[in-house]
Asker: 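The structure is given below, and queries will be raised subsequently.
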Number of protein chains: 2
Amino acid sequence: MIVIDYKDKRPIYEQIIEKYENLIIRGVLEGGSKLPSVRSLAIDLSINPNTIQKAYTELERSGYIYSVKGKGNYVIDDEEIKKRKKEAVAEQSKNLVRLVKSLGITKEEFMENLNYVFEEVGL
Amino acid sequence: MIVIDYKDKRPIYEQIIEKYENLIIRGVLEGGSKLPSVRSLAIDLSINPNTIQKAYTELERSGYIYSVKGKGNYVIDDEEIKKRKKEAVAEQSKNLVRLVKSLGITKEEFMENLNYVFEEVGL
DNA sequence: TCCACTGTACTATTAGTCTTAATACACTTA
DNA sequence: TAAGTGTATTAAGACTAATAGTACAGTGGA
């Protein structure tokens, strides 16, 4: 499920965070499902458990998972995931619109172009 | 023009790169205009000239500026800036559409929402 | 030509982060 | 109880970011 890219200059724990954020927000991991344990994932990826723990701690802090001592780490529930999805779309939309406006592109121009993008990007 | 955020955990040179990319792509800096010299900007920001040089080197490598020995660093010309603008919008559009599709949001739903975003985001 | 400014290159040093390693402790469940 | 879980701590090595100092080469004006 998770693959580390050693050509990537970013730290390993950040890569893990990003991968899980994507899996969760895209619905690949359902709400409430269990993440691999700190130790087992460390063995899987041939890295140190501390690195996994750092990623999980951060994922909990930013509200993607929650942890239960002695049991494991779990994806937040579907209700919460929906919120995250909306937040993600809202944020990226706002950024893009800001850029478009600052470049002096009209809404109509942009919207038309976006239609093509929708065609181009396959499912 | 440039302000360093020391609360930001990213390296200083990356912040400088990002700031200039924005200034250039948003047209605040016109094509061909001269950037502050490595030394003068270093004094302005109270940081080391080497850090500025690292930022400028990277900005040249990624095609936002060009440098002339003994003269200074200059913003690429307007023709090139236009290309960059289009690239930036295209890339961010594609990313957003990918996200929207992966979340199962329909084009119509998204487009309607985007109308509101356009209203919200002032000029 | 001289001088001040410019970009560029290099080495050395300090500080901080990333990662690994090895323990240890508390909690859960079979 | 035993195995598996999360969590915390300390130490070490590798790497990067940033500073400091120096040097060299090109530009342009006095």
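What you are looking at is a predicted structure, and each value in this text was computed from that prediction instead of being measured. Order of the sequence lines sets the chain letters (A, B, ...), proteins ahead of strands, with each chain counted from 1.
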Asker: Enumerate the ring pair (Phe, Tyr, Trp, His ring centres under 6.0 Å) contacts for residues 46-105 of chain B, please, sequence neighbours excluded, ordered by first and then second residue.
Answerer: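 Listed by first then second residue: B:Y66-B:Y74.
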
Asker: Please, which pairs that meet ring pair (Phe, Tyr, Trp, His ring centres under 6.0 Å) have at least one residue in residues 4-44 of chain B, sequence neighbours excluded?
Answerer: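 Those involving residues 4-44 of chain B do not exist here.
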
Asker: Got a sec, which pairs hit salt bridge (charged side-chain N to carboxylate O under 4.0 Å, His left out) with one end in residues 51-73 of chain B, sequence neighbours left out?
Answerer: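 Every pair satisfying salt bridge (charged side-chain N to carboxylate O under 4.0 Å, His left out) with a residue in residues 51-73 of chain B: B:E58-B:R61.
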
Asker: So, does B:S37 get its side chain near the phosphate of C:dT6, meaning an N or O under 4.0 Å from OP1 or OP2?
Answerer: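 B:S37 to C:dT6 OP1/OP2: side-chain N or O found under 4.0 Å.
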
Asker: Could you give the CG-to-C1' distance, from B:L41 to C:dC5, as a whole number of Å?
Answerer: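 That distance rounds to 16 Å.
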
Asker: If I take atom CD1 in residue B:I65 and atom C1' in nucleotide C:dT8, what distance separates them, rounded to the nearest angstrom?
Answerer: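 One finds 13 Å between C1' of C:dT8 and CD1 of B:I65, rounded.
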
Asker: Are B:I81 and B:M1 in one and the same hydrophobic cluster, where Ile, Leu, Val, Met, Phe, Trp and Tyr link if side-chain heavy atoms are under 4.5 Å apart?
Answerer: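 Looking at the clustering, B:M1 is in the same group as B:I81.
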
Asker: Restricting to pairs with a member in residues 73-82 of chain B, which pass salt bridge (charged side-chain N to carboxylate O under 4.0 Å, His left out), not counting sequence neighbours?
Answerer: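 Only B:E80-B:K83 qualify under salt bridge (charged side-chain N to carboxylate O under 4.0 Å, His left out).
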
Asker: Got a sec, which pairs hit side-chain hydrogen bond (donor to acceptor under 3.5 Å, both in side chains) with one end in residues 104-121 of chain A, sequence neighbours left out?
Answerer: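 Matches after skipping sequence neighbours: A:T106-A:E109, A:K107-B:N115, A:N115-B:K107.
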
Asker: Got a sec, which pairs hit salt bridge (charged side-chain N to carboxylate O under 4.0 Å, His left out) with one end in residues 85-99 of chain B, sequence neighbours left out?
Answerer: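 Of all non-adjacent pairs touching residues 85-99 of chain B, none passes salt bridge (charged side-chain N to carboxylate O under 4.0 Å, His left out).
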
Asker: For chain B and DNA chain D, what are the first and last nucleotides along the strand, 5' to 3', with at least one atom under 4.0 angstrom from a heavy atom of the protein chain?
Answerer: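 Listing 5' to 3', DNA chain D meets chain B from D:dA17 to D:dG28.
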
Asker: Any chance you could list the contact pattern along nucleotides 19-30 of chain C? Use B for base contacts, S for sugar-phosphate-only contacts and - for none, protein heavy atoms under 4.0 Å, 5' to 3'.
Answerer: SBBB-B--BSS-

Asker: Figure out the CD1/P separation between B:I52 and C:dA9, and round it to whole Å.
Answerer: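 It is 17 Å, rounded to the nearest whole Å.
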
Asker: With sequence neighbours excluded, give me every salt bridge (charged side-chain N to carboxylate O under 4.0 Å, His left out) pair touching residues 13-37 of chain A.
Answerer: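 Non-adjacent pairs meeting salt bridge (charged side-chain N to carboxylate O under 4.0 Å, His left out): A:R10-A:E18.
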
